[in-house]
2 protein chains.
Amino acid sequence: MSVEAVAPTRPMRADARRNYEAIVRVAIEAFAEHGTNTSLDDIANRAGVGPGTLYRHFPNRDCLLEAALVDSRYELLALAERLLHADDADAALDEWMFALARHAGAWDGLADSIAQSLNREKSPLGASCGEVITATQKLLERASTLGTVTADATARELFIMAGSLAWAADRAARGNGRGSADDELPRLLSLLMRGLR
Amino acid sequence: MSVEAVAPTRPMRADARRNYEAIVRVAIEAFAEHGTNTSLDDIANRAGVGPGTLYRHFPNRDCLLEAALVDSRYELLALAERLLHADDADAALDEWMFALARHAGAWDGLADSIAQSLNREKSPLGASCGEVITATQKLLERASTLGTVTADATARELFIMAGSLAWAADRAARGNGRGSADDELPRLLSLLMRGLR
DNA sequence: GACAAACCGGAGACTGTCTCCGTATCGTCG
DNA sequence: CGACGATACGGAGACAGTCTCCGGTTTGTC
């Protein structure tokens, strides 16, 4: 519908691309290590660039987060494609929710960052959640018609519930002695999924 | 077991008590208005004291949060007491979880603050969650023996799930058009509670 | 009314965010 | 190849929030 007004976007200059990639590479490490609230100036340092360079490429934390999640989301959407052709539509939805929760729980604070960006206009992170929610929608509809799901939850609610599960699993795991979030997640997820029937 | 080594704790000086109470009063307002991450120096200002005074009474944010939640938690525990004698143990647990989620969702960021403090030793906020979790335990046991609850969730998990629901309801409500968190919460809660059966 | 203990409050060190602009680098064209 | 314009760099620094230290003030008591 909209005229393809994509600017010619001449390719980045070599040094710019080099820095861009270095920043994203370091950001992935830093987010994994210290959560999504780690210092951006620190990331700039570790990437060998000044803070000005980082903020030119990524005007805010969401932009950097989005860039750091591109690969992970690509894999997620590939999984959705496969699950859409699975035999068991119920099991497919289960697996999808699990994958979603693991995605959102990969870094400390990520679920929160995603959920907040979801409600903010113009957040690149929130925008790119659109396709993931669409995928959720398709899998949910399939589990409703071919499977046994009856609850009237929206895809958006399921998406957020997945984030909320990641949040809960992380909090429940820390300090319960031995368990990790990977142990908690299936337990909590099964509680939720039984509620859909 | 431990010797009651409680110091005589002579009563606070009049000006100290006055400041303490002013700070807590302002803090409740500020947390409600701007979430649990609002500026503490700002609270000190609005309470008419210097930052030093605030930090002497409340060495960190958790301590202030704890003081600001005393009344609310008191009401919560009174509700638990009542629910322990309710006829329908299942409905009692439902109502308790709802109250718990509303408590944790009262201020933006509160669920997160509580969950984090829960895993940190020496946090007064986390410590005071103990009685609430104990209350949850009793209601859960009662719903297991007298009611129909069969899932093997721990009280601690339920407590965290309540926080996670508050988190999810808040995120789902913002930006879905018209709804408020109060509309979302029952929907999400019912999904969870059906999963316990 | 005077003294010691308790308490106040603001200056400021420190950390993290984000911007501005003089300088350096890149790609291209003569 | 050399030079020019566009593009990009990076660090100094403004700003905001956290938290501490200590000289000065207030309170309760004898």
Side-chain angles (χ1 to χ4, degrees), chain A residues 7-27 30-31 33-68 108-109 112-113 116-117 120 122-125, chain B residues 7-27 30-31 33-68 108-109 112-113 116-117 120 122-125:
Chain A
T9 38
R10 90 181 52 182
M12 267 176 160
R13 235 172 63 175
D15 53 348
R17 168 180 300 279
R18 208 169 31 239
N19 284 330
Y20 182 99
E21 284 169 359
I23 291 169
V24 171
R25 203 174 331 116
V26 169
F31 287 145
E33 197 169 348
H34 302 113
T36 58
N37 286 314
T38 190
S39 157
L40 295 188
D41 276 28
D42 221 50
I43 290 177
N45 274 336
R46 282 168 55 176
V49 303
T53 299
L54 186 147
Y55 283 96
R56 190 165 348 91
H57 284 303
F58 310 99
N60 55 54
R61 189 177 296 270
D62 270 13
C63 291
L64 181 51
L65 226 32
E66 159 60 19
D108 186 36
D112 220 63
S113 299
Q116 281 183 5
S117 73
R120 227 176 359 237
K122 311 214 175 213
S123 164
L125 185 53
Chain B
T9 40
R10 89 184 51 182
M12 266 174 159
R13 238 173 61 173
D15 52 348
R17 168 179 302 278
R18 207 167 34 239
N19 284 331
Y20 182 100
E21 284 168 359
I23 291 169
V24 171
R25 202 174 333 114
V26 169
F31 288 145
E33 198 170 345
H34 301 113
T36 59
N37 286 315
T38 189
S39 156
L40 295 188
D41 277 27
D42 221 51
I43 291 178
N45 274 337
R46 281 167 56 175
V49 303
T53 300
L54 186 146
Y55 283 97
R56 190 165 348 92
H57 285 303
F58 310 99
N60 54 54
R61 189 177 297 269
D62 270 12
C63 291
L64 181 53
L65 225 32
E66 159 60 20
D108 185 37
D112 220 64
S113 299
Q116 281 183 6
S117 74
R120 224 174 3 234
K122 312 214 173 209
S123 164
L125 186 53

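Per chain, numbering begins at 1; letters A, B, ... match sequence-line order.
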Quickly, which of A/Asp62, A/Thr36, A/Asn37 forms a side-chain hydrogen bond (donor to acceptor under 3.5 Å, both in side chains) with A/Ser113? Name it, please.
-> A/Thr36
Across the strands shown, which category fits [X] at heavy-atom distances under 4.0 angstrom: base, sugar-phosphate, nothing?
X       : result
B/Asp15 : sugar-phosphate
B/Pro51 : base
B/Asn19 : sugar-phosphate
B/Arg17 : nothing
A/Arg56 : base

Tell me whether the side-chain N/O atoms of [X] come closer than 4.0 Å to OP1 or OP2 in [N].
X       : N      : answer
A/Arg61 : C/dT17 : yes
A/Ser39 : C/dT17 : yes
B/Thr53 : C/dG9  : yes

Identify whether the distance between the nearest side-chain nitrogen and carboxylate oxygen of A/Arg17 and A/Glu21 falls below 4.0 Å.
-> yes
Taking atom [atom2] of [N] as reference, at what distance in whole Å does atom [atom1] of [X] sit?
X       : N      : atom1 : atom2 : answer
B/Leu40 : D/dC19 : CG    : C1'   : 10 Å
B/Met12 : C/dC8  : CE    : C1'   : 13 Å
A/Tyr20 : D/dA8  : OH    : P     : 13 Å
A/Asn45 : D/dC9  : CG    : C1'   : 14 Å
A/Arg46 : C/dG16 : CZ    : P     : 13 Å
A/Leu65 : C/dT17 : CG    : P     : 13 Å
A/Tyr55 : D/dC15 : OH    : C1'   : 13 Å
B/Phe58 : C/dC7  : CZ    : P     : 13 Å

Look at the side chain of A/Asp41 and decide which nucleotide, out of C/dC18, D/dT27, D/dC9, has an atom nearest to it.
->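 Selected nucleotide (nearest to the side chain): C/dC18.
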Can you tell which of D/dC19, D/dC9, C/dC18 lies closest to the side chain of A/His57?
->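 Comparing D/dC19, D/dC9, C/dC18 against the side chain of A/His57, the answer is D/dC9.
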Any chance you could lay out the side-chain contact (heavy atoms from CB on, under 4.5 Å) test for A/Glu33 and A/Thr38, step after step, and finish with the verdict?
-> CA-CA 9 Å; A/Glu33 197 169 348; A/Thr38 190; over 6 Å; no
Kindly say whether, by distance alone, the side chain of B/Arg13 makes a donor-acceptor pair under 3.5 Å with the base of C/dA6?
->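 Indeed, a donor on one side and an acceptor on the other fall under 3.5 Å apart.
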How are the rings of A/Phe58 and A/Tyr20 set relative to one another: parallel (under 30°), tilted (30 to 60°) or perpendicular (over 60°)?
-> tilted
For the pair A/Arg25 (side chain) and A/Ala47 (backbone), establish whether a donor and an acceptor sit closer than 3.5 Å, ignoring hydrogens and angles.
->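 No; judged by distance alone, with no hydrogens or angles, the pair does not exist.
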